[in-house]
Protein chains: 2
Amino acid sequence: MTSNQDLKYKLDDQIGFILRRANQRHTGIFSDLMPDELTPTRFAALVRLLECGTLSQNQLGRLTAMDVATIKGVVDRLRERGLVESIRDRNDARRQSISLTERGRMAVLAAIPRATEVTEKTVSGLSETERDTLMALLAKIT
Amino acid sequence: MTSNQDLKYKLDDQIGFILRRANQRHTGIFSDLMPDELTPTRFAALVRLLECGTLSQNQLGRLTAMDVATIKGVVDRLRERGLVESIRDRNDARRQSISLTERGRMAVLAAIPRATEVTEKTVSGLSETERDTLMALLAKIT
DNA sequence: TCCAATTTATTAGCATGCAAATGATATGGC
DNA sequence: GCCATATCATTTGCATGCTAATAAATTGGA
């Protein structure tokens, strides 16, 4: 079966492929610099709770770009680690209200400087202008 | 526990968070337009095999940004679907040589126009110049 | 020729990521 | 008051994604 070097479709030129690679590099830097118990998605959930206070699980998922099944698992693991607590909402029995525990609050506050380093390192090959441009263009395709 | 709207660290401004969202939008478009049996990673593997001809599993993983355990699973599923075949390399018994079957070749050739649409749709909100800029900047952070 | 180091692949385990189905609860129109 | 529709959460199942451990095979230097 002959190879197709003259194929017009180039994987390396596809936005999806390069997004995946950029994402992988970022998560690699994240796991290098952040505490082992904090994955990108867990950290995002904690930051949102820090920003917003108590949220329903559904709302927390929406604010962290996570599917309902995914946020369920993330909240379970954060609760197992004592970083959040969930209580059934008193006004709406369908809802779980999620909030940071004191330990969770301290953990996320302690991790934020490191997370800032993660971001810095991820974009370290770019100038300030390039960083702003990249963020703006990525925002346009989300 | 008071909220922290004045927190300096903004999740929405972190490259990792926005990369994840961009990636999710892309994979959503991908699953909308591509045949059900082709996921982004399977498709990438097939395209590489089309481009390069026979590859070792390890090499295929490297060329598709997949970990050795991940590419093992992807190749298994492609083989289960009759899209690739793997044969132990005759010169190096550690290696599996992976190649497209005729069915795999036809499937990937048929899917490429759709994949082109996926890319087009993902970046449809950008001008031509912006697309080039985005690709260049992403390439700089991989 | 021997063996340490390296390479390739497999396996196990944990963590997302998402579609689809399901159940409980809330909402709003008739 | 009833009921269709919507919302929130859970569950199941499949697909990555990766680390770490393991085994088999290759390589290259002593």
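Naming convention: chains lettered A, B, ... in sequence-line order (proteins, then strands); numbering from 1 in each chain.
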Next on the checklist: Categorize A:Arg90 for me: base, sugar-phosphate, or nothing, with a 4.0 angstrom heavy-atom threshold over every strand shown.
Outcome noted: nothing
Checklist entry - Under 4.0 angstrom, heavy atoms only, what part of the nucleic acid is A:Arg81 near: base, sugar-phosphate, or nothing? => result sugar-phosphate
Checklist entry - Atom CZ of B:Phe30 and atom P of C:dA19: how far apart are they, to the nearest Å? => result 14 Å
Next on the checklist: Starting the side chain at C-beta, find the nucleotide from D:dA9, D:dT11, D:dA15 nearest to A:Asn58.
Outcome noted: D:dA9
Next on the checklist: Over all strands shown, is A:Thr39 touching base, sugar-phosphate only, or nothing at heavy-atom distances under 4.0 angstrom?
Outcome noted: sugar-phosphate
Item to check | Heavy-atom closest contact (A:Glu37 atom, A:Leu83 atom, distance) | outcome: OE2-CD1, 4.2 Å
Checklist entry - Any donor-acceptor pair under 3.5 Å linking the side chain of B:Thr101 with the backbone of B:Gly82? => result yes
Item to check | Most 5' of A:Asp92 and A:Asp67 on DNA chain C, judged by nearest nucleotide | outcome: A:Asp67
Checklist entry - Is any side-chain nitrogen or oxygen of B:Arg62 closer than 4.0 Å to OP1 or OP2 of C:dT8? => result yes
Checklist entry - Which heavy atom of A:Val108 sits nearest a heavy atom of A:Phe43, and at what distance? => result CG2-CE1, 3.9 Å
Item to check | Short side-chain N/O contact to C:dT7 OP1/OP2 from B:Gln59, under 4.0 Å | outcome: no
Item to check | Separation of C:dA19 P from B:Ile29 CD1 (nearest whole Å) | outcome: 13 Å
Item to check | Between C1' of D:dT7 and CG of A:Asp89, the distance in whole Å | outcome: 13 Å
Checklist entry - Tell me: CE of A:Met66 to C1' of C:dT16, nearest whole Å? => result 9 Å
Checklist entry - Is the phosphate of D:dA6, meaning OP1 or OP2, less than 4.0 Å from a side-chain N or O of A:Arg94? => result no
Checklist entry - Between D:dG17 atom C1' and A:His26 atom NE2, what is the distance in whole Å? => result 15 Å
Item to check | Presence of A:Arg77 side-chain N/O under 4.0 Å of C:dC14 phosphate oxygens OP1/OP2 | outcome: no
Next on the checklist: For B:Arg131, is there an ion pair with B:Glu120 - N to carboxylate O distance below 4.0 angstrom?
Outcome noted: yes
Item to check | Euclidean distance, atom CD of residue A:Glu80 to atom P of C:dA15 [Å, nearest integer] | outcome: 8 Å
Checklist entry - OP1, OP2 of C:dA15 versus side-chain N and O of A:Arg42: anything below 4.0 Å? => result yes
Next on the checklist: Check this one for me: any side-chain N or O of A:Arg88 less than 4.0 Å away from OP1 or OP2 of D:dC8?
Outcome noted: no
Checklist entry - Looking only at heavy atoms, which two atoms of B:Phe17 and B:Leu11 are closest? And how far apart? => result CB-O, 3.5 Å
Next on the checklist: In this structure, how many angstroms lie between the C1' atom of D:dA20 and the CG atom of A:Asp36, rounded?
Outcome noted: 13 Å
Next on the checklist: Check this one for me: any side-chain N or O of B:Gln24 less than 4.0 Å away from OP1 or OP2 of C:dC18?
Outcome noted: yes
Checklist outcome for this item: When A:Gln57 and A:Arg20 are each assigned the nearest nucleotide of DNA chain D, the 5'-most assignment goes to A:Gln57
Item to check | Euclidean distance, B:Arg48 CZ relative to B:Met66 CE, rounded to 0.5 Å | outcome: 9.5 Å
Next on the checklist: Under 4.0 Å, counting only non-hydrogen atoms across every strand here, what does B:Ala69 touch: a base, just sugar-phosphate, or nothing?
Outcome noted: base
Checklist entry - Tell me: CG of A:Asn91 to P of D:dT7, nearest whole Å? => result 19 Å
Checklist entry - Touch check for B:Thr41, heavy atoms < 4.0 angstrom, all strands: base, sugar-phosphate only, or nothing? => result sugar-phosphate
